[in-house]
Amino acid sequence: MISLKSKDIISILDFTKEEILYILDLSKRMEKEGSSDILKGKVLANLFFEPSTRTRLSFETAMKRLGGEVVGFDELGKTSTVKGESLRDSVKIIEGYCDIIVLRHFLEGASRLTADSVNIPVINAGDGASQHPTQTFVDLYTIKKVKGKLENLSIGFLGDLKYGRTAHSLAYAMANFNAEMYFISPPSLRIPKDYLEELESRNVSYHEVESINEVSSKLDILYCTRIQKERFADPVEYEKVRGIYKLSKSVMDELNVKDDLKILHPLPRVDEMDESLDATSYAVYFQQAHSGIPVRETLLATVLGAIQ
Ligand code: CP
């Protein structure tokens, strides 16, 4: 019997394949049947030290749809961090105000530190360039929905694979499903070695290339990512790779791709995906973002012990 009650969600590696599939099944049920007021009386603290549209608002919507309340902040400047309070002290106070913490922070490891500091569940909503596990549940849910399966797919990760935390978490997750992986990036934005070593330890077949033309015909899924300008220490380095990939309807018309290729993107997009792509059969990124509601409803309800 799987139970995720009181479990922290920090890294996708903390979940077995069975637990991942269990969450996806519950999310499907949540989307179909809904579930009202099961979190009545519970309070979520949404602590966002970095900007967010989708993650913060979908967690807030999910909690409210299930009858719960939400407190929190969406910028560091409005918190006592600016007076010098440590993250550890802040979260030890906040745990007394709520039942669960969702944390986005610019530092890798901030969610793990928080989980180690408090006695309520903590959900990592993105920690620096490390991981974004709830986005991964959303991505897997979308892939399963549009492809009908998760096993034996060829997936291309395009763009900023150095700083792209959504790509890191999804690559780890897809390692459970016998995926063939293609990492498409400029040399300066290659996926860090640690991630490749983990994939190698799990016998994942992967390829690193610079151009999508080299691999486009093989892909079932193209996971496009934004180049994360805010994480570059040197703006000159960002300028060297800015706009390096630009997908559009006309680019797709020229590329050799499978008819049933699907393009996902965690969003926001900047210039890597033109709006002309939106009306093509490849685009599923808006559907993907909307799946954030049933998936995050399920994660909150499961961790708080309201469903299983
Ligand atoms: N996908 C995602 O994390 O988007 P936000 O930064 O808007 O939350």
Side-chain angles (χ1 to χ4, degrees), residues 4 7-15 20 23 44-60 62 72-79 81-82 85-95 98 100-140 157 159-175 189 191-199 223 225-233 266-268 292 295-296 299-300 303:
L4 301 179
K7 186 176 171 76
D8 299 311
I9 303 178
I10 307 301
S11 163
I12 200 72
L13 288 180
D14 299 338
F15 290 81
I20 290 172
I23 291 287
L44 157 68
N46 238 350
L47 313 183
F48 278 69
F49 289 86
E50 270 195 337
S52 167
T53 297
R54 276 145 293 274
T55 313
R56 187 174 69 81
L57 293 181
S58 60
F59 264 117
E60 185 165 341
F73 51 80
D74 55 15
E75 68 179 87
L76 182 153
K78 290 182 186 163
T79 72
T81 308
V82 292
E85 185 169 58
S86 68
L87 175 63
R88 185 170 177 278
D89 277 2
S90 295
V91 296
K92 283 185 76 64
I93 302 305
I94 292 165
E95 75 168 322
C98 64
I100 185 166
I101 289 175
V102 170
L103 178 79
R104 171 167 291 187
H105 204 281
F106 45 88
L107 290 177
E108 286 182 28
S111 293
R112 188 74 73 191
L113 182 147
T114 299
D116 290 344
S117 305
V118 301
N119 292 310
I120 58 172
V122 175
I123 297 181
N124 177 6
D127 62 332
S130 181
Q131 287 214 35
H132 193 346
T134 70
Q135 178 66 47
T136 299
F137 282 111
V138 175
D139 299 340
L140 294 173
F157 296 86
D160 184 348
L161 308 185
K162 179 178 180 183
Y163 299 117
R165 56 196 176 196
T166 61
H168 300 160
S169 294
L170 184 58
Y172 276 167
M174 289 301 288
L189 295 179
I191 187 165
K193 284 216 164 356
D194 290 359
Y195 294 96
L196 295 180
E197 283 168 9
E198 173 68 24
L199 297 180
Y223 193 82
T225 64
R226 173 179 69 92
I227 295 183
Q228 310 252 310
K229 180 181 181 184
E230 67 276 21
R231 306 214 189 276
F232 283 70
L267 303 175
V295 171
R296 292 191 168 108
L299 292 171
L300 290 169
V303 167

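The chain is numbered in sequence order, starting from 1.
Put simply, the side chain of Thr134 reaches to within 4.5 Å of the side chain of Phe59, judged on heavy atoms. Counting heavy atoms from C-beta on, the side chains of Glu95 and Val91 never come closer than 4.5 Å. Side-chain contact between Ile101 and Ile123: absent, with no pair of heavy atoms (C-beta onward) separated by less than 4.5 Å. In this structure, the side chains of His168 and Pro192 come closer than 4.5 Å at one or more pairs of heavy atoms. Residues Leu107 and Asp127 have side chains not in contact (no heavy-atom distance under 4.5 Å, counting atoms from C-beta outward). Contact annotation: the side chain of Phe73 approaches that of Leu47 to within less than 4.5 Å [non-hydrogen atoms, C-beta and beyond]. Annotation: side chain of Leu189 is in contact with side chain of Phe232 (closest heavy-atom distance under 4.5 Å). Put simply, the side chain of Arg226 reaches to within 4.5 Å of the side chain of Pro268, judged on heavy atoms.
Of the N and O atoms on the side chains of Ser58 and Arg296, at least one donor lies less than 3.5 Å from an acceptor on the other residue. Between the side chains of Thr166 and Gln135, not a single donor N or O lies within less than 3.5 Å of an accepting N or O.
Both tests hold for Lys7 against Phe15: distance to the six-membered ring centre under 6.0 Å, angle to the ring axis within 45°. For the pair Arg231 and Tyr163, the cation does not sit on the ring face, since its NZ or CZ is not both under 6.0 Å from the ring centre and inside 45° of the axis.
A pairwise comparison of heavy atoms in Ile10 and Ala115 identifies CD1-CB, 4.0 Å as the closest pair. The two residues Arg165 and Ala129 have their closest heavy-atom pair at CB-C, 3.9 Å. Residues Ile120 and Cys98 come closest through the heavy atom pair CD1-SG, 3.6 Å. Closest approach of Ala167 to Phe157, counting heavy atoms only: O-CE2, 3.8 Å. Across all non-hydrogen atoms, the minimal contact from Gln131 to Asn124 is O-ND2, 3.7 Å. The minimum heavy-atom distance linking Arg88 with Ser117 is given by the pair CG-OG, 3.5 Å.
Atom CG of residue Leu113 and atom NE2 of residue His105 lie 9.0 Å apart, to the nearest 0.5 angstrom. Rounded to the nearest 0.5 angstrom, Lys92 NZ and Ser86 OG are separated by 10.0 Å. Separating the OG1 atom in Thr114 from the CG atom in Leu103 is a distance of 4.5 Å, to the nearest 0.5 Å. Note that CD1 of Ile12 and OG1 of Thr136 are 5.0 Å apart. Values are rounded to the nearest 0.5 Å. One finds the OG atom of Ser90 at 5.5 Å from the CZ atom of Phe49 (value rounded to the nearest 0.5 Å). Of the inter-residue distances, the one linking Leu199 atom CG with Lys193 atom NZ reads 12.5 Å to the nearest 0.5 angstrom.
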*May I have the step-by-step check of side chain to side chain contact (heavy atoms under 4.5 Å, CB included) for Leu267 and Thr53, ending in yes or no?*
CA-CA 9 Å; Leu267 303 175; Thr53 297; over 6 Å; no
*asked:* Does Asp14 form a side chain to side chain contact (heavy atoms under 4.5 Å, CB included) with Ile9? I'd like the steps, not just the answer.
replied: CA-CA 7 Å; Asp14 299 338; Ile9 303 178; over 6 Å; no
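Less than 6.0 angstrom separates the ring centroid of Tyr195 from the ring centroid of Tyr172.
Test Arg104, Glu60, Glu50 against Thr55 for side-chain contact (heavy atoms from CB on, under 4.5 Å) and you get one pass: Arg104.
Using a cut-off of 4.0 Å between Lys/Arg side-chain N and Asp/Glu carboxylate O, Arg56 and Asp74 are scored as salt-bridged.
Checked by atom type and distance alone, the side chain of Asp8 pairs as donor or acceptor with a backbone atom of Val122 at under 3.5 Å. A donor-acceptor distance shorter than 3.5 angstrom exists from the side chain of Thr225 to the backbone of Asp160, with no hydrogens or angles considered.
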